[in-house]
Participant: 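Supplied in structure tokens, the structure appears directly below.
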Amino acid sequence: MSEFIIRPVTKRDAPQMLALYAPYVTDTTVSSEYVPPTLEEFRGRIETFTKLTPWLCCERGDEIVGYAYASPHRTRAGYQWSCETSIYTKKGFHRMGIASALYGALDELLTYQGYYSIYVGITCPNERSMSFHKSMGFEYMGVYRNSMFKFGEWRDVIWMGKSLRQHQGVPRPIIPYPQIPDPAFCQGVLEFYASRIHGAKA
């Protein structure tokens, strides 16, 4: 099997990433969107959010088979040390360790940046996602009952969260992802987690 790599996303990746994401919009309740974004809009999301937080993709050859990213949990100042995460894996590439590798790399980079907490919203029912996030160290935080309407039904959204560090003292400012002063550390994190994907070269 070809070697997997994990690397930062660029705007050039938008067409492949959008093609991967679109079925989650049209066929599932994983995404709360009704219609997939346009390519221009999707590129805009990448450009906007990567100014602060990492967006990572998993690639085999020239094919993007998964991606994960973080975005601000809330926009007001007091929430700046918390973020939300999302992850999507291409059909046919589940249960290969891609999602856990992407999440592992994302966690380390977010911790380095100075984040304290990460959260994820999971539309119910989705036991698979809840079990996966529990295996990644997330805990049940609560539920927004009947907060999303899609495919003709009202749906609960479960919130799970994870602490990246102890909540003590005054937090230092977040380091924007592009300004991390140690590129070697970032590259080492990406290579380490890529090596843990099933079938990746040791």
Side-chain angles (χ1 to χ4, degrees), residues 4-50 53-73 83-107 110 118-136 138 140-141 143-162 193-194 197-198:
F4 292 89
I5 66 169
I6 295 176
R7 62 170 177 80
V9 166
T10 72
K11 288 194 294 183
R12 293 189 300 274
D13 298 317
Q16 281 202 64
M17 291 171 63
L18 180 55
L20 190 161
Y21 173 62
Y24 284 94
V25 175
T26 58
D27 304 338
T28 79
T29 59
V30 170
S31 170
S32 59
E33 296 191 273
Y34 286 8
V35 179
T38 65
L39 183 57
E40 181 180 5
E41 182 181 357
F42 200 81
R43 284 197 181 107
R45 294 179 188 182
I46 294 172
E47 183 177 20
T48 297
F49 290 116
T50 54
T53 53
W55 282 43
L56 306 176
C57 67
C58 178
E59 190 174 55
R60 188 181 70 170
D62 295 325
E63 182 181 16
I64 293 176
V65 297
Y67 70 92
Y69 64 89
S71 57
H73 176 59
C83 61
E84 294 180 24
T85 55
S86 298
I87 190 162
Y88 300 96
T89 304
K90 191 171 187 177
K91 184 178 180 180
F93 288 87
H94 293 281
R95 301 187 183 281
M96 300 176 70
I98 291 170
S100 57
L102 284 167
Y103 246 134
L106 197 62
D107 284 4
L110 292 170
I118 54 178
Y119 302 99
V120 62
I122 302 171
T123 309
C124 297
N126 195 335
E127 289 296 330
R128 179 178 176 180
S129 182
M130 291 181 66
S131 295
F132 167 71
H133 283 89
K134 185 176 180 179
S135 74
M136 297 301 298
F138 285 75
Y140 175 84
M141 294 289 177
V143 57
Y144 288 178
R145 297 203 179 277
N146 297 316
S147 58
M148 191 178 83
F149 185 84
K150 190 172 183 179
F151 298 153
E153 294 183 28
W154 288 102
R155 301 173 188 275
D156 295 346
V157 176
I158 295 288
W159 283 90
M160 300 182 74
K162 178 179 180 179
Y193 283 99
I197 299 171
H198 307 324

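What you see below is based on every heavy atom in this structure, not just the backbone, and it leaves out hydrogens, waters and symmetry mates.
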Participant: Rounded to the nearest 0.5 Å, what separation is found between the NZ atom of Lys162 and the CE atom of Met141?
Facilitator: 11.5 Å
Participant: Any side-chain heavy atom of Leu56 sitting closer than 4.5 Å to one from Val9?
Facilitator: no
Participant: Please list, chain by chain and in numerical order, all residues satisfying side chain to side chain donor-acceptor pair (under 3.5 Å) with Tyr193, sequence neighbours excluded.
Facilitator: Glu108
Participant: Quick one: ring pair (Phe, Tyr, Trp, His ring centres under 6.0 Å) partners of Phe93, sequence neighbours excluded?
Facilitator: none
Participant: Can Phe42 and Met17 be said to form a side chain to side chain contact (heavy atoms under 4.5 Å, CB included), step by step?
Facilitator: CA-CA 9 Å; Phe42 200 81; Met17 291 171 63; 3.6 Å; yes
Participant: Which residue pairs satisfy the salt bridge (Lys or Arg N to Asp or Glu O under 4.0 Å) criterion with at least one member in residues 13-31, sequence neighbours excluded?
Facilitator: Arg7-Asp13
Participant: Sequence neighbours excluded, which residues qualify as side chain to side chain donor-acceptor pair (under 3.5 Å) partners of Asp156?
Facilitator: Arg145
Participant: Mind checking what makes side chain to side chain contact (heavy atoms under 4.5 Å, CB included) contact with Ser131, not counting sequence neighbours?
Facilitator: none
Participant: Are Thr85 and Tyr103 linked by a side-chain donor-acceptor pair shorter than 3.5 Å?
Facilitator: yes
Participant: Carefully, step by step, assess Leu20 and Tyr67 under the rule side chain to side chain contact (heavy atoms under 4.5 Å, CB included).
Facilitator: CA-CA 9 Å; Leu20 190 161; Tyr67 70 92; 4.1 Å; yes
Participant: Side chains of Thr123 and Ser32: does their closest heavy-atom pair fall under 4.5 Å?
Facilitator: no
Participant: Check Met136 against Gly104 and note the closest heavy-atom contact, atom names and distance.
Facilitator: CE-N, 4.0 Å
Participant: Which distance, rounded to the nearest 0.5 Å, do you find between the CE of Met130 and the CE of Met160?
Facilitator: 5.5 Å
Participant: Please list, one pair per line, the donor and acceptor atoms closer than 3.5 Å that link side chains of residues 94-102 to other protein atoms, with sequence neighbours excluded.
Facilitator:
from, atom 1, to, atom 2, distance (Å)
His94, ND1, Arg128, NH2, 3.3
Ser100, OG, Gly97, O, 3.2

Participant: Starting from the C-alpha separation in whole Å, work towards a yes-or-no answer on ring-ring contact (aromatic ring centres under 6.0 Å, His included) for Tyr144 and Trp159.
Facilitator: CA-CA 8 Å; Tyr144 288 178; Trp159 283 90; 5.7 Å; yes
Participant: Could you report the tightest heavy-atom contact between Cys124 and Ile158, atom names first, then the distance?
Facilitator: SG-CG1, 3.1 Å
Participant: Could you give the distance from CG (Leu106) to CD1 (Ile118), rounded to the nearest 0.5 Å?
Facilitator: 7.0 Å
Participant: Check whether the ring centres of Tyr34 and Phe151 lie less than 6.0 Å apart, and answer yes or no.
Facilitator: no
Participant: Which residues satisfy the side chain to side chain contact (heavy atoms under 4.5 Å, CB included) test with Thr50, sequence neighbours excluded?
Facilitator: Ile46, Trp55
Participant: Using a 4.5 Å cut-off on heavy atoms from C-beta on, say whether the side chain of Phe49 contacts that of Tyr69.
Facilitator: no
Participant: Would you please test Arg155 and Phe149 for side chain to side chain contact (heavy atoms under 4.5 Å, CB included) and show each step?
Facilitator: CA-CA 6 Å; Arg155 301 173 188 275; Phe149 185 84; over 6 Å; no
Participant: Sequence neighbours left out, what passes ring pair (Phe, Tyr, Trp, His ring centres under 6.0 Å) with Tyr24? Give chain and number order.
Facilitator: Tyr88
Participant: Who pairs with Ser129 by side chain to side chain contact (heavy atoms under 4.5 Å, CB included), at least two apart in sequence or on another chain?
Facilitator: Ile122, Asn126, His133
Participant: Whether the side chain of Glu153 engages the backbone of Met148 through a donor-acceptor N/O pair (distance < 3.5 Å, no angle test) should be reported.
Facilitator: no
Participant: Are the side chain of Glu84 and the backbone of Ser71 linked by a donor-acceptor contact shorter than 3.5 Å?
Facilitator: no
Participant: Rounded to the nearest 0.5 Å, how far does SG of Cys58 lie from CD1 of Ile87?
Facilitator: 9.5 Å
Participant: Under the side chain to side chain contact (heavy atoms under 4.5 Å, CB included) rule, collect the residues that match up with Glu33, sequence neighbours excluded.
Facilitator: Tyr21, Val25, Ser31, Pro37, Arg45
Participant: When rounded to the nearest 0.5 angstrom, what is the spacing between CD in Glu47 and OG1 in Thr10?
Facilitator: 11.5 Å
Participant: List the residues meeting ring pair (Phe, Tyr, Trp, His ring centres under 6.0 Å) with Tyr140, not counting sequence neighbours, and say none if there are none.
Facilitator: none
Participant: Give the intermediate values and the outcome of side chain to side chain contact (heavy atoms under 4.5 Å, CB included) for residues Val120 and Ser86.
Facilitator: CA-CA 7 Å; Val120 62; Ser86 298; 6.0 Å; no
Participant: Are the side chain of Lys150 and the backbone of Thr28 linked by a donor-acceptor contact shorter than 3.5 Å?
Facilitator: yes
